[in-house]
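Written out below as structure tokens is the structure these notes cover.
Counting starts at 1 for both ligands and their atoms, following the listed order.
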Amino acid sequence: MATVRLNRVRKIYPNGHVAVDDASFDIAEGELLVLVGPSGCGKTTLLRMIAGLETISSGTLSIGGQVVNDVAPKDRDIAMVFQNYALYPHMTVAENLGFGLRLRGKKPDDIERRVRDAARLLELENRLDAVPAALSGGQRQRVALGRALVREPKVFLLDEPLSNLDAKLRLSMRVEIARLHRQLGTTTIYVTHDQVEAMTLGQRIVVLDGGKIQQIDTPMNLYDKPANLFVAGFLGSPAMNLLRGTLQQQDGWHLVMPNGTVPLGTLDTNPTTLAQWLGRQIVVGVRPEDLQPTSHATALSADVEVVEPIGNEVFLNLRFGDQALVSRVAPSQHVTPGSQLSFHIDSDRIHFFDPEGGARII
Ligand code: ATP
């Protein structure tokens with residue numbers, strides 16, 4: 001096990017493209033850290049630099065206290081699982097699992113023990129003699145994980161390991177990975193573009209966009225206190241409602257938009273910070289669950305365009321002038337499309353952002 005430390009790590013590809021810019025963070029021993037962001041944000045490049053498969057243009061990377069910038073991948077004591085894992089089709093599960101160890105010249109009884117241990121952990125004991133073609137997709141994925149596991153590395157690097165699986169299998173493998181991590185306690189870095197995977201697996205999450213770290217925090221802190229508009233919009237489904245307007249205070253706080261005025265309530269959280277924004281353009285963020293139908297006449301009045309029931313909850317797609325909004329309600333609400341309803345914003349849970357640059361205000 002090991003602490004991984006990145007200090008101002010940067011990657012410029014030969015064509016001049018800066019794929020990762022000034023990345024600094026630590027991964028604690030035994031931690032499961034998730035790197036998440038949209039396609040092209042630099043997460044694979046970052047992981048490949050940690051693995052040693054990509055050179056580091058500047059900055060330092062250390063594993064277990066040792067700077068490893070110039071250490072060959074095979075000497076970093078890490079194991080990586082890729083999105084497109086390839087099993088050897090002519091080898092059995094046991095041979096696939098043990099292949100890397102044989103290459104490294106491990107003793108046969110050591111290989112046998114490690115393969116048995118991994119097979120037990122991954123519930124593949126009954127499939128050790130099967131060839132990959134005879135396995136289900138989930139079992140193949142577990143063999144791919146097992147090949148990393150048998151190495152007993154200091155650090156696991158997982159690059160979108162579940163993206164080739166169907167939705168149901170992805171869910172069960174997600175639980176499997178969380179369980180394995182709890183059992184083994186190996187320092188793990190997990191790359192995904194899937195926010196649900198990131199939120200459910202990560203003890204901490206690094207959110208990347210355009211090669212830059214946007215925020216590093218626990219899943220709940222990212223959700224409750226997104227550092228900027230990018231993180232606010234990226235995490236949460238349906239996404240946070242973002243309303244741009246002028247902040248006013250008269251009988252409570254209001255956001256004046258071209259469509260009308262949105263009442264924000266009394267906002268007793270931090271009035272001094274917000275007072276500096278009076279009369280100025282601001283972006284107000286409201287999670288769909290914090291926008292609820294109400295019988296109050298002074299609330300925001302919106303047209304219900306589309307009602308999407310998903311079983312345990314219902315998404316109401318609303319229109320407030322030219323602004324689209326989403327409210328997440330309980331199925332017991334019985335809302336019909338085409339109706340006009342009043343909505344209350346939970347003032348304790350409003351997010352405020354600077355429209356220029358997008359940084360969180362409060
Ligand atoms: P995805 O989820 O699509 O895999 P990613 O977040 O993992 O994306 P990277 O693969 O790290 O992103 O790529 C980051 C950026 O660097 C992208 O804009 C990509 O086009 C660019 N890039 C990647 N490899 C190279 C390369 N060898 N030369 C030049 N640019 C590259």
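Residues Q215 and N228 have side chains that never bring a donor and an acceptor to within less than 3.5 angstrom of each other. Between the side chains of N317 and E308, a donor-acceptor pair is found at a separation under 3.5 Å.
Of the protein's heavy atoms, Y13 CG, 3.3 Å lies nearest to atom 28 (N) of ligand 1. The single protein non-hydrogen atom nearest to atom 14 (C) of ligand 1 is G40 O, 3.4 Å, given as residue, atom name and distance. Remark: minimum distance from atom 10 (O) of ligand 1 to any protein heavy atom is reached at T44 CB, 3.8 Å. The protein atom (non-hydrogen) at minimum distance from atom 13 (O) of ligand 1 is T45 OG1, 3.7 Å. Atom 3 (O) of ligand 1 has its closest protein heavy atom at S39 OG, 2.6 Å.
Of all the atoms in ligand 1, the ones that sit under 4.0 Å from a non-hydrogen atom of P38 are 6 (O). Heavy-atom proximity to N15, at under 4.0 Å, picks out these atoms of ligand 1: 29 (C), 30 (N).
Relative to the ring axis of Y223, R287 places its NZ or CZ within 45° and under 6.0 Å from the centre.
Side-chain contact check for H351 versus V284: every heavy-atom pair is 4.5 Å or farther apart.
Not a single heavy atom of G37 lies less than 4.0 angstrom from ligand 1. The shortest heavy-atom distance from P14 to ligand 1 is not under 4.0 Å. Ligand 1 has at least one atom lying under 4.0 Å from a heavy atom of H17.
Taken to the nearest 0.5 Å, the CG atom of N221 stands 10.5 Å off from the CD1 atom of I205.
Contact check on D224 versus R349 returns a salt bridge, with a Lys/Arg side-chain nitrogen under 4.0 Å from an Asp/Glu carboxylate oxygen.
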